Number of protein chains: 2
Amino acid sequence: MRLVIARCRVDYVGRLTAHLAEATRLILVKADGSVSVHADDRAYKPLNWMSPPCATVIEVREDGTGTWTVTNKGGEQLVIEILEVHHDASHVLGLDPGLVKDGVEAHLQQLLAANVETLGAGWRLVRREYPTAIGPVDLMCRDASGVAVAVEIKRRGEIDGVEQLTRYLELLNRDPLLAPVRGIFAAQEIKPQARTLAEDRAIECVVLDYDMLRGLDDVDSRLF
Amino acid sequence: MRLVIARCRVDYVGRLTAHLAEATRLILVKADGSVSVHADDRAYKPLNWMSPPCATVIEVREDGTGTWTVTNKGGEQLVIEILEVHHDASHVLGLDPGLVKDGVEAHLQQLLAANVETLGAGWRLVRREYPTAIGPVDLMCRDASGVAVAVEIKRRGEIDGVEQLTRYLELLNRDPLLAPVRGIFAAQEIKPQARTLAEDRAIECVVLDYDMLRGLDDVDSRLF
DNA sequence: TGATATATCTCGAGT
DNA sequence: ACTCGAGGTATATCA
C-alpha cells in the first residue's frame, strides 16, 4: 500500500466525467493496483477512484510532480496531475483475513418460520423457500381457515419487494390446487411507498420485531 | 488527516456485528472525526468504518498500542485494538473544492425537459417531477395531438425502470382527466431485456444522445 | 427531520 | 459474462 499526500488535480472519464480542482489530498495505491483519492472528510467514499483490475502509467519528475494515468479494461480513465508531494511512503500489509459478519438477514426467515403464529393464530407453515418457476417464495403458509398465504420477508421493505411478491402471487394463483393465495409482505421496516403499493394490490403488510421474534425463539429453545 | 499503519483487531457493533481478526491495516482518521480501516485491496470500500459525526476515545500506551473506541450518536461502536504501530503521521489538507460531475441523470432530465421536441415534433412539457401517489414521474408531456405522455429517464435503462414507469402509467390512467397516458422510457443505453419488457407493455423506448442534447442546449443558450 | 431516488454505487452468488 | 439481490449501503435533494 502506497500513501501519497499531494497537491493534485484529478479527472475521471468513464461512466461519467468528473473533475477535482487543485487541492491537497490523500492518494491511496493498493496492492491490487487500485487507486483512490480521499479528501479530509467522509469515512466511506473516496472522492474519486479506479477499481481493480487497472493499470497505472506514471510520468513524473524527480520531485514526484507529473501525471499518473490509471486505466481499466473498459477504457475508463483516472488522470491524476501531481503538483506537489508532501508525503510518499509504501507499506507491506499482507493478505487480510477479511470481515466476519454476524448478519440478521437469513435469521429473520428462520425466526419467522419457527413462529408463523405471530402472523395469525392457528397459522401453520407449509414450507420455507417454496419453489415457483421464477424463484422460491420465502414462506408458504396456511391461515387458520386453510387459505394459502405467500410471505415475502425483507429487512427493509421497499417497492421492489412488493413487486417480487406480486409476481409470485400471480403465478401461484394460476395453480388451482393453491388458489386463492393471499400475500403477506413482512419486514423490519416498511417504507410508506411500498405500503401504498402493497395495499393497492391487497397485500397485507406486517412489521417484524426482530428482538421479539428472537425472544420467542429463545423460549422455544428452552422448551427442548 | 491521520494515517496509521498498524497491526490491529477491529470490532463493530451496531446495525450488525462484525469482526476483523488480527492483521496489518491502514487506519484513516479524517478531519471530520470519521474513522475507516482499509486492507491492501479494493479502491472503494473500507473493511470497516464509522461515519461522522462520531467521537473517538483513545486509550494507548507510549508505544501507541492500546484501544480506540469510536462511537456515534446511535450508539454504534467501532473498537480498534492496536497491537503494533508501523507508521503514524498527521497531515493538514484543508477543505476540498469537491467533485464536479457531468453526465448524471439529473443533467439528462434537465436537458430533455428543455428539449422535449427531440421526443416528437410539436410536443410540449407539462412539468418535471409530476407527482403521483407513489412518487413523481420524471417528465409529463403532451404530444402533438394533446395526448398525455409520461417519460421515465434513466442513465442506464434496465428492467426496474420499466417497472417503475408501468406503475406510474397504471395510476395515471385511472385519472379520467389524463387518460389515456402514453409511456416513454428514455435512457442513454437500454438493455435488451428492458426493451423487450417495455415494448410488451406498449411503452416506447428512446435512446438519448447526451452529447447531442447538450449541443442543442448550447444552441438554445446562445439564442438568448 | 424524514422520505425518496441516485450511485463511476460495490460486492457476492448463482446461472 | 450476465443477472439478481443485498448493503452497517452512502449521499443528495426536497417536502
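Each chain gets a letter, A, B and so on, in the order its sequence line appears, and its residues count up from 1. Quantities reported herein were computed from a predicted structural model and do not represent experimental measurements.
Of the candidate nucleotides dG5(D), dA5(C), dC4(D), dG5(D) has the atom nearest to the side chain of Gln164(A). Of all nucleotides listed (dA5(C), dG8(D), dT3(D)), dG8(D) comes nearest to the side chain of Tyr12(B). Nearest to the side-chain atoms of Lys45(A) among the listed nucleotides dT3(D), dA10(D), dG7(D) stands dA10(D). Checked against dT3(D), dT8(C), dA10(D), the side chain of Leu16(A) finds its nearest nucleotide in dT8(C). Candidate nucleotides dT3(D), dA3(C), dT9(D) were compared by shortest atom distance to the side chain of Lys191(B), and dT3(D) ranks first. For Arg42(A), taking side-chain heavy atoms from C-beta onward, the closest of the listed nucleotides dT11(D), dG5(D), dA5(C) is dT11(D). Closest to the side chain of Tyr44(A), out of dG8(D), dT3(D), dA10(D), is dA10(D). Between dC4(D), dA5(C), dA10(D), one nucleotide has an atom nearer to the side chain of Ile159(B) than all others, and that is dC4(D). Out of dT6(C), dG5(D), dA3(C), the shortest distance to the side chain of Lys154(B) is found at dT6(C). The side chain of Arg15(A) lies closest to dT10(C), out of dT10(C), dA7(C), dG8(D).
Between Lys73(B) atom NZ and dT1(C) atom C1' the separation is 13 Å, expressed in whole Å. Rounding to whole angstrom units, CG of residue Asp32(A) and P of dT10(C) are separated by 14 Å. Distance, Leu47(B) CG to dG8(D) P: 12 Å, rounded to whole Å. Protein atom CD of Glu129(B) is 9 Å distant from nucleotide atom P of dA5(C), rounded to whole Å. Here dT10(C) presents its P atom at 11 Å from CG of Asn72(A), a figure rounded to the nearest Å. The distance between atom CD of Glu158(A) and atom P of dA10(D), rounded to the nearest whole Å, is 13 Å. We find that CD of Glu163(B) is positioned 17 Å from C1' of dA5(C), with the value rounded to whole Å. In this structure, Asp11(B) atom CG and dG8(D) atom C1' are separated by 14 Å, rounded to whole Å.
Contact annotation: Lys101(B) side-chain N/O to dT8(C) OP1/OP2 distance is under 4.0 Å. Arg155(A) has no side-chain polar atom (N or O) that falls below the 4.0 Å cut-off from OP1 or OP2 of dG5(D). Dashed line: the shortest gap from a side-chain N or O of Trp49(B) to OP1 or OP2 of dA10(D) is under 4.0 Å. Between dT9(D) and Arg156(A), a contact under 4.0 Å exists linking OP1 or OP2 to a side-chain N or O. For the OP1/OP2 pair of dC4(D) and a distance below 4.0 Å, the side-chain nitrogens and oxygens of Gln193(B) include at least one atom meeting the criterion.
Residues Asp96(B) and Asp41(A) have side chains not in contact (no heavy-atom distance under 4.5 Å, counting atoms from C-beta outward). Between Ser36(B) and Tyr44(A), every side-chain heavy-atom pair lies at or beyond the 4.5 Å cut-off.
Residues Leu78(A) and Ala194(A) both approach DNA chain C. Their nearest nucleotides, taken by heavy-atom distance, put Ala194(A) toward the 5′ side. Comparing Arg167(A) and Asn48(B) along DNA chain D, the residue whose closest nucleotide (by nearest heavy atom) sits nearer the 5' end is Arg167(A). DNA chain D is contacted by both Asp160(B) and Leu99(A); Asp160(B) maps to the nucleotide lying nearer its 5′ end (nearest heavy atom per residue).
Look at the C1' atom in both dC11(C) and dA7(C): the space between them is 14 Å, to the nearest Å. Here the separation of dT8(C) from dG5(D), taken at their P atoms, is 22 Å to the nearest Å. Atom P of dG8(D) sits at a distance of 22 Å from the matching atom of dA5(C), rounded to the whole Å.
Under 4.0 Å is where a charged nitrogen must lie from a carboxylate oxygen, and between Arg156(A) and Glu189(A) no such pair does. Using a cut-off of 4.0 Å between Lys/Arg side-chain N and Asp/Glu carboxylate O, Arg174(B) and Glu170(B) are scored as salt-bridged.
For the side-chain contact (heavy atoms from CB on, under 4.5 Å) criterion with Ile184(A), the lone passing option out of Asp138(A), Leu139(A), Val149(A) is Val149(A).
Side-chain contact of Asp102(B) with Tyr210(B): a donor-acceptor pair under 3.5 Å is present, judged by distance alone.
The partner of dT8(C) cannot be assigned: no Watson-Crick or G-U wobble pair with both contacts below 3.5 Å exists in any strand.
Distance CD1/Ile134(B) to CZ/Arg195(A): 16.0 Å, rounded to 0.5 Å.
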